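Below: one structure, written as structure tokens.
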Amino acid sequence: MWKTVVFDLDGTLTDSGEGIKKSILYALEKMGREPLPDEALNAFVGPPLPDSFRQFAHLEGADVDEAVRLYRERYFDIGIFENEVYPGIENCLKTLKEAGFRLAVASSKPQVMVYQVLEHFGLDGYFDVIVGSELDGTRVKKHEVIEEALARLSVTDRSEVVYVGDRKFDVNGARQTGLEVIGVLYGYGSYQEMLEHGPDYLAADPDMVLDIIMEKLVHAYHKPVPGQDYVPVGESKWKSIWRVLYPILIDLVIVNGISLLAIPVILVGEVFGHNLSTERELYNIFMVTGLIGDVILIFLGRWLLKLDEARRLTRPIPQGRLEQKWHGIREWLPRALFFIIFFIATAEVANILIDMSGIWAIDPAYQAATRSIFDTNLIIQVMEVGFVGPIAEEMIFRGLVFRRIRDYRGPKTAILLSAALFGLYHGNVTQGIFAFALGVVMAWAYEESGDIRMSVMMHVANNLLATALTAFANEAFFSTPYYVVNVTVLAVMCGMILWYRRRNRRKAAA
């Protein structure tokens with residue numbers, strides 16, 4: 001159990017990037033050097049300053065010393081205060097202190113500056129020990145300042161100490177000193193950097209840092225009982241349900257909210273003498289607003305997926321983690337083609353069955369929905385129905401909804417429940433049945449591959465084909481041979497899947 005928490009400063013407790021970067025540019029300008037791009041400047045936050053000037057500004061020898069001197073010339077007076085405490089940090093420190101933890105800071109920044117920053121923001125009182133580097137260039141490596149902090153704390157059992165930092169230097173330094181590490185994603189180290197250097201835990205924000213430490217204190221999670229739902233400590237069943245449902249609500253709010261843009265567009269068109277209130281023009285306008293909404297959802301969904309992955313790294317998943325199973329083009333391509341063909345055949349057979357049932361003929365909501373989609377400009381159709389819409393739906397329904405249900409209830413339940421929600425989302429009986437069937441297949445493919453790109457490719461390929469057939473194929477194309485081919489392909493591929501699974505079971509038994 002942890003009893004001591006040691007923090008990095010820059011990028012972990014405070015966002016000091018502005019002052020550091022401006023002071024670097026000041027030093028380089030004074031030396032007659034070219035300014036560095038922002039990406040390189042961000043890399044200065046965290047590691048020892050001389051090392052960064054050598055690596056990113058390509059300085060050597062006396063030039064490094066001069067750059068450090070000029071940097072400090074501005075930073076001591078101005079740059080040190082171009083800084084702010086990350087939201088949630090003070091609450092984190094206060095809660096840990098009240099819970100009885102010993103707190104320390106171990107930073108590669110000169111110790112006098114570390115004290116000055118902490119005193120300026122009123123944080124110094126939370127810490128038992130504050131350690132930085134020396135101005136003469138000694139004790140600058142991360143493991144050296146951590147060792148000094150541990151010595152001043154008189155630590156005898158390093159398993160009781162955890163280090164919190166935002167860069168690979170923090171992870172590596174803590175490893176060298178035998179400490180567990182919480183890597184934070186809100187600082188200046190990238191998500192990829194953290195994954196490559198492998199901290200023990202990842203935290204998306206200071207609140208999650210606090211959660212990890214406090215949950216470790218109370219043994220983190222109840223042991224899951226077979227047959228019972230899995231709910232982490234501090235997370236009620238209702239909160240778990242909310243985590244599953246709110247991405248769908250966000251989708252509905254954004255898409256329907258953006259559609260309100262149609263009103264001013266129509267009014268402006270009327271002012272300039274263009275009648276945009278005809279049925280076809282309205283369909284085009286709503287298709288464009290849907291496109292805008294889905295673009296927003298893609299970026300939002302990607303951000304939420306990133307937070308979910310960080311969350312999963314800090315929490316046990318009793319149902320088993322979903323890992324990418326195939327790597328490289330030779331492994332991935334043939335399987336992707338198989339899944340795409342299987343999915344298209346499934347979609348066409350589902351269409352055949354729905355057509356034979358006659359449900360669509362007594363479903364006015366379905367008829368209105370299909371008319372609003374296919375009675376529009378073809379280019380807009382291809383962009384929204386063929387590409388952007390499917391990607392957004394996969395982000396929401398497979399990336400977030402399916403994965404979250406899977407975390408709690410396992411893959412089988414997640415496949416069925418996420419597909420049911422996908423069907424309800426479409427708002428009419430005919431599309432609901434169709435979406436449920438395809439939702440099952442896409443979630444299954446995601447489970448089998450461990451890669452959301454698989455379901456995205458399947459969805460995009462099928463929608464592009466459907467758009468092309470609707471636009472260019474005549475009624476004669478959809479004849480008995482077409483139906484027979486699709487049913488045959490689906491039957492053969494189902495047989496292949498069953499054979500493959502049986503073979504794998506036999507291998508496992510052997």
Side-chain angles (χ1 to χ4, degrees), residues 1-13 46-48 88-109 111 114-115 118 123-134 138-185 187 189 194-195 197-203 206-223 232-234 310-311 313-316:
M1 184 176 72
W2 298 327
K3 297 179 180 178
T4 302
V5 185
V6 183
F7 289 88
D8 176 39
L9 178 63
D10 296 328
T12 302
L13 296 176
I89 280 294
E90 188 157 11
N91 176 65
C92 175
L93 298 176
K94 181 181 178 183
T95 305
L96 291 175
K97 201 67 179 173
E98 290 174 349
F101 286 90
R102 292 193 301 169
L103 305 182
V105 171
S107 168
S108 296
K109 185 189 289 290
Q111 183 158 306
V114 178
Y115 271 106
L118 294 174
L123 300 179
D124 55 310
Y126 290 110
F127 297 101
D128 301 277
V129 165
I130 297 171
V131 177
S133 63
E134 300 292 354
T138 58
R139 202 175 66 214
V140 296
K141 300 296 184 183
K142 184 61 70 170
H143 70 275
E144 293 173 339
V145 291
I146 295 175
E147 285 287 3
E148 179 66 20
L150 297 177
R152 294 187 193 181
L153 289 163
S154 301
V155 169
T156 56
D157 185 352
R158 298 194 178 198
S159 68
E160 296 178 349
V161 184
V162 63
Y163 189 81
V164 184
D166 70 310
R167 297 296 311 276
K168 61 185 179 183
F169 310 99
D170 301 311
V171 177
N172 295 339
R175 287 268 187 266
Q176 285 179 268
T177 53
L179 303 184
E180 289 188 280
V181 194
I182 299 173
V184 303
L185 297 173
M194 283 290 113
L195 290 184
H197 290 269
D200 299 285
Y201 303 86
L202 274 177
D207 289 339
M208 190 177 285
V209 172
L210 180 61
D211 286 346
I212 293 167
I213 296 169
M214 296 303 290
E215 287 177 354
K216 179 89 170 181
L217 181 65
V218 296
H219 308 298
Y221 295 91
H222 296 305
K223 292 182 179 179
V233 166
R311 176 189 172 92
L313 288 172
T314 68
R315 290 159 165 78

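What you see is a predicted model; the values in this text were computed from it and never measured. Values below: all heavy atoms of this structure, side chains included; hydrogens, waters and symmetry mates excluded.
Counting only residues at least two apart or in different chains, salt bridge (charged side-chain N to carboxylate O under 4.0 Å, His left out) contacts with residues 148-163 comprise Lys3-Glu160, Glu147-Arg158, Glu148-Arg152.
Across all their heavy atoms, Phe101 and Thr4 have their closest contact at CD2-N, 4.2 Å. Closest approach of Ser108 and Ser133 over heavy atoms only: O-OG, 2.8 Å. The heavy-atom pair separating Met208 from Ala203 by the smallest distance is SD-CA, 3.6 Å. Closest approach of Tyr126 to Glu90, counting heavy atoms only: OH-OE2, 3.1 Å. Of all heavy-atom pairs spanning Ile146 and Leu179, the tightest one is CG2-CD1, 3.7 Å. Closest approach of Val181 and Ala174 over heavy atoms only: CG2-CB, 3.4 Å.
Counting only distance, with no hydrogens or angles, the side chain of Arg167 and the backbone of Asp10 share no donor-acceptor pair below 3.5 Å. Not one N or O on the side chain of Tyr163 forms a donor-acceptor pair closer than 3.5 Å with the backbone of Gly173. Formation of a donor-acceptor pair under 3.5 Å by the Asp128 side chain with backbone atoms of Ala104 is not found in this model.
Going from atom CG of Leu123 over to atom CZ of Phe7 covers 10.5 Å, rounded to the nearest 0.5 Å. In this structure, CG on Leu202 lies 7.0 Å from CE on Met194, to the nearest 0.5 angstrom. Here OG1 of Thr156 is found 10.5 Å from CG of Leu150. Values are rounded to the nearest 0.5 Å. Atom CG of Asn172 and atom NE2 of His143 lie 11.0 Å apart (nearest 0.5 Å). In this structure, OG1 in Thr12 is found 4.0 Å from CG in Asp166, a value given to the nearest 0.5 Å.
Evaluation of the salt bridge (charged side-chain N to carboxylate O under 4.0 Å, His left out) rule for Lys168 yields no partner, not counting sequence neighbours. With sequence neighbours left out, the side-chain hydrogen bond (donor to acceptor under 3.5 Å, both in side chains) criterion links Asn91 to no other residue. When the salt bridge (charged side-chain N to carboxylate O under 4.0 Å, His left out) test is applied to Arg102, no partner is found at least two apart in sequence or on another chain. With sequence neighbours left out, the salt bridge (charged side-chain N to carboxylate O under 4.0 Å, His left out) criterion links Asp124 to no other residue. With sequence neighbours excluded, the residues satisfying side chain to side chain contact (heavy atoms under 4.5 Å, CB included) with Ser107 are Asp8, Leu9, Val105, Lys109, Val114.
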Determine whether Val209 and Tyr201 satisfy the following criterion, side-chain contact (heavy atoms from CB on, under 4.5 Å), listing intermediate values before the conclusion. CA-CA 9 Å; Val209 172; Tyr201 303 86; over 6 Å; no
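Using a 4.5 Å heavy-atom cutoff, the side chains of Val162 and Asp200 are not in contact.
A salt bridge links Glu134 with Arg139: at least one charged nitrogen is closer than 4.0 Å to a carboxylate oxygen.
Around atom NZ of Lys141, no more than 12 heavy atoms belonging to other residues, nucleotides or ligands sit under 6.0 Å away.
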